[in-house]
Amino acid sequence: MKKKYSFLTALAATAMLITGCGSDESKSNGETNLTEDGKLTYASSGLYKPFNYEEGGKLTGFDVEIGAAIAEKMGLEPNPVTTPWETIIQSLKGNKFDAIIGSMAITDKRSEQVSFSDPYYYSGGMIFVPASSDISSAEDLKGKRIGVVAQSTYDTAAQKYSDDIKYYSSDVVALKDLTVKGRLDAVITADVVGYEAISSGMEIKEVGEPLWIEQAAVAVRPEDEKLLKDINAAIKEMVEDGTYEEISNKWFERNLLDVDLEGIEILK
């Protein structure tokens, strides 16, 4: 039998026994219905192209397809949803969905609140500047205005270089502001996101090598030990049977797990 991984599933079942009601309608506050069997409900910001974004009214991207493949390996129906990045961990802990599959990097601080799967891709934290900029290193960022997504690993990095930080809900919007004279001096985001923007014609450029390597993973509630075990088994199967490489090549023309980590700082 297909199983929905959610603490609220058990609560709903208990409530039905107490009330004698056979209905499991969705919550009146409009949150995702967590009582439907057979679904893996996973969240992202929906603002992080090409990993998770809306196109033609549909949520798509690398994260979304990875989540769908994980769900299918587990015998579940994929149910991707979006939620603000700034509160995504709180929403997970509040049982609004089963997992975060939204390019969340493993960090020690986040690991105090959630449990992480094995990494499903690696990416580098990179500085991007306007194409005409004379910024050539991280040291040149001192006193400059840097754009980042709030509550991201890039936010923490930016604070090491400058006190003048502008916050965004979307990395793509921040990168677009680089092309508007006077708005930003630099943006720190994932190398893949910046390269996607450059390939689309945006007049920006990268600065130097990645500042660090991030390990993006699936996040679940610490008590959901079986769910985490099943997700790791699904990721392992995807890598072994070629499903992962097929999805990665579709979006990036390379395998995002095939990275030489020697000599590069791993974000913690």
- Task: Please check if atom NZ in K166 has more than 12 non-hydrogen atoms from other residues, nucleotides or ligands closer than 6.0 Å.
- Result: yes

- Could you state whether L47 and M104 fall into the same hydrophobic cluster, counting links through intermediate Ile, Leu, Val, Met, Phe, Trp or Tyr residues with side-chain heavy atoms under 4.5 angstrom apart? no

- When V149 is tested against each of I188, V173, D171 for side chain to side chain contact (heavy atoms under 4.5 Å, CB included), which residue passes? D171

- Query: Once you round to the nearest 0.5 Å, how far does CD of E65 lie from CD1 of I70?
  - Reply: 12.5 Å

- Message: Using the rule side chain to side chain contact (heavy atoms under 4.5 Å, CB included), only one of V114, I101, I231 pairs with V220; which is it?
- Response: I231

- Message: Surrounding CD of E225 (heavy atoms of other residues, nucleotides or ligands, distance under 6.0 Å), is the total greater than 12?
- Response: no

- Item | Sequence neighbours excluded, every pair satisfying side chain to side chain donor-acceptor pair (under 3.5 Å) that has a member inside residues 209-219 | T153-E214, Y154-E214, W212-E214

Using distance only, find each side-chain donor-acceptor pair of residues 195-202 under 3.5 Å and give its atom names and separation, not counting sequence neighbours.
unit_1	atom_1	unit_2	atom_2	d
S199	OG	Y195	O	3.4
S199	OG	E196	O	2.8
S200	OG	A197	O	2.7

- Item | Euclidean distance, I146 CD1 relative to Y167 OH, rounded to 0.5 Å | 10.0 Å

- Message: With a 4.5 Å cut-off on side-chain heavy-atom distances among I, L, V, M, F, W and Y, is there a chain of contacts connecting I127 to V172?
- Response: no

- Task: For atom CD of Q159, decide whether the heavy atoms of other residues, nucleotides or ligands shown that lie under 6.0 angstrom number more than 12.
- Result: yes

- Message: Would you compute the distance between atom CG of N249 and atom CD1 of I247 and round it to the nearest 0.5 angstrom?
- Response: 10.5 Å

- Message: Could you check whether any side-chain heavy atom of V129 comes within less than 4.5 Å of a side-chain heavy atom of K205, counting everything from C-beta outward?
- Response: yes

- Message: Minimum heavy-atom separation for S117 and A217, please, with both atom names.
- Response: O-CB, 3.5 Å

- Query: Quick one: are Y42 and N79 in side-chain contact, heavy atoms under 4.5 Å?
  - Reply: no

- Query: Closest heavy-atom contact between I106 and P119?
  - Reply: CD1-CG, 4.4 Å

- Task: Give a yes or no answer on whether the side chain of D155 reaches the backbone of S152 with a donor-acceptor pair at less than 3.5 Å.
- Result: no

For a quick test of your reading: what N or O donor-acceptor pairs under 3.5 Å do the side chains of residues 83-92 make, sequence neighbours left out?
unit_1	atom_1	unit_2	atom_2	d
S91	OG	T87	O	3.1

- Residues which pass salt bridge (charged side-chain N to carboxylate O under 4.0 Å, His left out) with D185, listed by chain and number, not counting sequence neighbours: none

- Task: Provide the closest heavy-atom pair for V192 versus P50 in the form atom of the first, atom of the second, distance.
- Result: CG1-CG, 4.5 Å

- Would you mind reporting whether Y244 and I66 have side-chain heavy atoms less than 4.5 Å apart? yes

- Message: Can you list everything that forms a side-chain hydrogen bond (donor to acceptor under 3.5 Å, both in side chains) with S133? Sequence neighbours excluded, please.
- Response: none

- Task: For R183, check salt bridge (charged side-chain N to carboxylate O under 4.0 Å, His left out) against everything at least two apart and list the hits.
- Result: D177

- Please walk me through it: do S123 and L256 pass side chain to side chain contact (heavy atoms under 4.5 Å, CB included)? CA-CA 7 Å; S123 77; L256 292 190; over 6 Å; no

- Query: With sequence neighbours left out, what residues match Y121 under ring pair (Phe, Tyr, Trp, His ring centres under 6.0 Å)?
  - Reply: F51, F62

- Task: Applying side-chain contact (heavy atoms from CB on, under 4.5 Å), name anything that partners L59, two or more places apart in sequence or on another chain.
- Result: S44, E54, V64, P80, T82

- For S115 and P222 the tightest heavy-atom approach is OG-CA, 3.3 Å

- Query: With a 4.5 Å heavy-atom cut-off, do F116 and V218 have their side chains touching?
  - Reply: no

- All heavy atoms of I204 vs all of G194, minimum pair found to be CD1-O, 4.2 Å

- Message: To the nearest 0.5 Å, what is the distance between OG1 on T107 and NZ on K268?
- Response: 12.0 Å

- Query: Who pairs with E240 by side-chain hydrogen bond (donor to acceptor under 3.5 Å, both in side chains), at least two apart in sequence or on another chain?
  - Reply: K236

- Query: Do L257 and Y122 have side-chain heavy atoms sitting under 4.5 Å apart?
  - Reply: yes

- Atom pair CD1 (I213) and CD1 (I266), whose distance is rounded to the nearest 0.5 Å: 6.0 Å

- Flag, side chain of N232 to backbone of D118, donor-acceptor distance under 3.5 Å: yes

- Message: Is there a side chain to side chain contact (heavy atoms under 4.5 Å, CB included) between L141 and S162? Walk through the geometry before answering.
- Response: CA-CA 7 Å; L141 295 180; S162 178; 5.5 Å; no

- Query: If you look at every heavy atom in N52 and S45, which pair is closest and at what distance?
  - Reply: OD1-OG, 3.3 Å

- Query: At what distance, to the nearest 0.5 angstrom, does CG of L184 lie from CZ of F128?
  - Reply: 14.0 Å

- Item | For R145, salt bridge (charged side-chain N to carboxylate O under 4.0 Å, His left out) partners two or more places apart | D164

- Would you check, one step at a time, whether the test side chain to side chain contact (heavy atoms under 4.5 Å, CB included) holds for Y48 with T189? CA-CA 10 Å; Y48 195 52; T189 186; 4.2 Å; yes

- Test salt bridge (charged side-chain N to carboxylate O under 4.0 Å, His left out) applied to K73 - qualifying residues, sequence neighbours left out: E237, D241

- Those residues that, when tested against K181, pass side-chain hydrogen bond (donor to acceptor under 3.5 Å, both in side chains) (two or more places apart): none

- Message: Would you say that Y120 contacts D63 through its side chain, given a criterion of any heavy-atom pair below 4.5 Å between the two side chains?
- Response: yes

- Less than 4.5 Å apart, any side-chain heavy atom of L227 and any of M74? yes

